[in-house]
Amino acid sequence: MRRLLVALTLLTAFLWSAPAGAQARNQLGPLCTTDTTPADKMIDACNKIIALKVFRGEQLATIHFWRAVGWNKKGDYSKVITDATEAIRLHPSQAAYNLRGSAYYDKGDYEIAISDFDDALKLGPPSGTIFHNRGNAWRGKHDYAKAIADYDMAIKADPKSAFSFQNRGISKQALGDLDGALADINQAIRLDPSLPQPLINRTAIWRAKGDLDRAIADGSEAIRLARDKPPANIMTPPNSVLISGYTHRALAYEAKGDYARARDDYNATLAIVASDAGSKANQATAKVRLSLVTDASAPIPRDAPSPTPQPAMTPAPQQTGAAPAASPTPAIRGARMALIIGNGAYAHVKALPNPANDARAVARSLRDIGFTVSEGIDLDRAAMQKMTRDFLREAARAQVAVVYYAGHGVQVDGRNYLIPVDVALKPGTAMTDGMIDMDTIMAGLDDQVRTNILIFDACRNNPMAQQVASAGTNRGIEGASGLAAPTSLGSGATLGAGTLIAFATAPGQVALDGEGANSPFSAALSRHLGTPGLEVQQMLTRVRAEVVSSTKNKQVPWSNSSLLGEVYLAEK
């Protein structure tokens, strides 16, 4: 961005050399058009210049551009886009397209950002800065090959670009090339040891490699650097570096079993104001992980089926002495874990005969191929919440996590909820209080080093439809048949080392419970799940074809994947 700002500064020099009865203008000009001016002073000066109504065309475009820079410093990306758009209307420039594209990127609108960067490059000349920024947008879309190609161009234009080496390393890490990623991140650190961002990314690499002490050391140094000298680059969203640093160090502490320090870091993450999509996604993860490490209840036994609902256990009293409670021994890195829940014995809505059978069949198939399985049958809210939280806590150290749910599900206001067997809508209560939010599960698994497979054989129907229809006239609550497309796949989600989400049917449609002992989807899934050497997406394709055939086109399974390579649940 620096070179693009220099070009705008040349125009600025001409702008303020124009004759004017303008002692005030001469004072306002440098405040508005100097990138080191504090944001509020910059915006105020630009406002006053625009109010003079003496500039037109390219000159006025320059003022709108610099006011957009001021908004960018404050993290107000909607106003950045408004001013950059006006600058482009008045006089298209590389700098304005680049700034607007960067604002769309920070909002998580990656397609629009790429379009703006394309337009900036068409205006020429080729710019390493714009190649770098477009690479970021491709990375946001999880198209890591295109991201790496753009970072290659950025590095060719500027071999000393630490950020381009850093972000190319992040892309290589996403593709599973940890050694290539580490080489690029190390080069970024050599080029500029004062930058905290490469150290944060190396924290994630060490964590993926299982070297938690190095991960914590790098995270600590990154936080120190970000505190001592907050990033001055105007394209870096406010507070984003500290939020990322605390989140990644917290995940390393948690993986090591040091829950006390993890709690401190998650609290620090949530105490900071987030402005950009990536920071908000980090805070969503921190919020879920904090609740997990704060819970002092003992982990449930592994591989112990729960044929009937169990009463909720009372959490152990909080320790008040100087020494924290002992943390559980970290699980072996590389473990493959699964959470399996089948709910059918509903007390207040239509019961389903098959989910218990479905869950047992899928659990058996996963155990047969080496997964450690937590299995729950007909769980009430307390038991379902506890089992889910215990799984998410332990999955922090897993390499592959599978979540399977069979039973009732519902979407409310576009969010998906899984239904415990004791759910009941009562007058005066919030509709979703008795449900399990699927987005919370997804946020708890969103930490960049794990492959996640989430499979939902729901909704069989919408048990809430009648209650929702009679719940009142509040248009803010909408219940619909079937489940919605997952909101956690939206802007900002890192989606880890790769996430695949599969539904028994398309979003908004209902899935069948089946006439036999299993639902059509679960019957097909349990048959194909253990096939040796069958890649998971190929496996789901076979499941989809079988379900479509057995239901005579009434049910079409649906999936959404950000997997970064081939994943085999049953080894080749």
Side-chain angles (χ1 to χ4, degrees), residues 1-107 109 111-134 136-137 157 233-237:
M1 186 66 186
R2 173 63 58 180
R3 271 173 290 175
L4 299 180
L5 290 179
V6 168
L8 265 293
T9 303
L10 295 176
L11 175 60
T12 300
F14 164 78
L15 190 110
W16 304 125
S17 64
Q23 179 66 28
R25 186 192 310 170
N26 290 335
Q27 295 170 347
L28 292 173
L31 287 175
C32 171
T33 59
T34 302
D35 66 326
T36 56
T37 302
D40 288 331
K41 289 184 177 181
M42 175 180 279
I43 293 167
D44 180 65
C46 293
N47 285 340
K48 290 175 179 176
I49 293 170
I50 292 172
L52 293 173
K53 297 183 179 180
V54 296
F55 294 116
R56 302 283 187 276
E58 186 175 1
Q59 295 176 332
L60 184 57
T62 301
I63 306 305
H64 279 285
F65 171 85
W66 283 104
R67 189 168 69 176
V69 170
W71 292 124
N72 198 78
K73 290 182 179 182
K74 291 174 71 68
D76 192 336
Y77 301 113
S78 294
K79 290 181 179 177
V80 174
I81 291 167
T82 298
D83 265 334
T85 299
E86 181 63 8
I88 290 167
R89 186 189 70 80
L90 290 165
H91 183 77
S93 69
Q94 267 197 332
Y97 274 117
N98 179 65
L99 183 60
R100 189 174 73 175
S102 297
Y104 276 122
Y105 168 81
D106 288 323
K107 283 173 65 70
D109 294 331
E111 288 280 6
I112 304 175
I114 290 168
S115 178
D116 270 352
F117 295 136
D118 287 344
D119 286 339
L121 289 169
K122 288 176 185 175
L123 287 176
S127 164
T129 297
I130 298 173
F131 278 119
H132 172 92
N133 291 343
R134 190 175 69 178
N136 290 345
N233 188 330
I234 67 167
M235 305 307 288
T236 301

(Q) Go through it in stages, so that I can follow the logic: the residues are Arg134 and Leu121, the test is side chain to side chain contact (heavy atoms under 4.5 Å, CB included), and I'd like the CA-CA distance, side-chain angles, deciding distance and then a yes or no. (A) CA-CA 10 Å; Arg134 190 175 69 178; Leu121 289 169; 3.5 Å; yes
Q. Is any side-chain heavy atom of Asp40 less than 4.5 Å from a side-chain heavy atom of Pro38?
A.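 With C-beta onward as the side chain, the pair stays apart.
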How many angstroms lie between [atom1] in [X] and [atom2] in [Y], if you round to the nearest 0.5 Å?
| X | Y | atom1 | atom2 | answer |
| --- | --- | --- | --- | --- |
| Asp76 | Ile81 | CG | CD1 | 9.5 Å |
| Ile50 | Phe55 | CD1 | CZ | 11.0 Å |
| Thr62 | His91 | OG1 | NE2 | 7.5 Å |
| Ser93 | Leu99 | OG | CG | 9.0 Å |
| Ile88 | Leu123 | CD1 | CG | 9.0 Å |
| Glu86 | Ile63 | CD | CD1 | 12.5 Å |

Least distance between heavy atoms, [X] atom then [Y] atom:
| X | Y | answer |
| --- | --- | --- |
| Pro126 | Phe131 | CB-CE1, 4.3 Å |
| Thr36 | Lys73 | C-NZ, 3.9 Å |
| Leu90 | Gly57 | CB-O, 3.7 Å |
| Gln94 | Pro125 | NE2-O, 2.8 Å |
| Val80 | Asn72 | CG2-N, 3.2 Å |
| Ala84 | Ala96 | CB-O, 4.0 Å |

Q: Could you give me the CA-CA distance, side-chain angles and deciding distance for Tyr77 and Ser102, then say whether side chain to side chain contact (heavy atoms under 4.5 Å, CB included) is met?
A: CA-CA 9 Å; Tyr77 301 113; Ser102 297; over 6 Å; no
Q: Would you check, one step at a time, whether the test side chain to side chain contact (heavy atoms under 4.5 Å, CB included) holds for Asp83 with Trp71?
A: CA-CA 9 Å; Asp83 265 334; Trp71 292 124; 3.3 Å; yes
Under 3.5 Å, side chain of [X] to main-chain N/O of [Y], donor-acceptor pair present?
| X | Y | answer |
| --- | --- | --- |
| Lys79 | Arg67 | no |
| Thr37 | Thr33 | no |
| Thr82 | Ser78 | yes |

Q: Take Asp44 and Lys48, measure what salt bridge (charged side-chain N to carboxylate O under 4.0 Å, His left out) needs, and give me the verdict at the end.
A: CA-CA 6 Å; Asp44 180 65; Lys48 290 175 179 176; 3.1 Å; yes
Q: Any disulfide bond (SG atoms under 2.5 Å apart) involving residues 45-94? Give me the pairs, sequence neighbours left out, ordered by first then second residue.
A: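 Counting only pairs at least two positions apart or across chains, the disulfide bond (SG atoms under 2.5 Å apart) contacts touching residues 45-94 are Cys32-Cys46.
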Q. For Lys41, what residues pass the salt bridge (charged side-chain N to carboxylate O under 4.0 Å, His left out) criterion, not counting sequence neighbours?
A.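 Here no residue qualifies.
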Q: Would you mind telling me which of Asp119, Asp116, Asp106 makes a salt bridge (charged side-chain N to carboxylate O under 4.0 Å, His left out) with Arg100?
A: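 Only one option passes, and that is Asp116.
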Q.
Determine whether Trp66 and Asp35 satisfy the following criterion, side chain to side chain contact (heavy atoms under 4.5 Å, CB included), listing intermediate values before the conclusion.
A. CA-CA 8 Å; Trp66 283 104; Asp35 66 326; 3.9 Å; yes
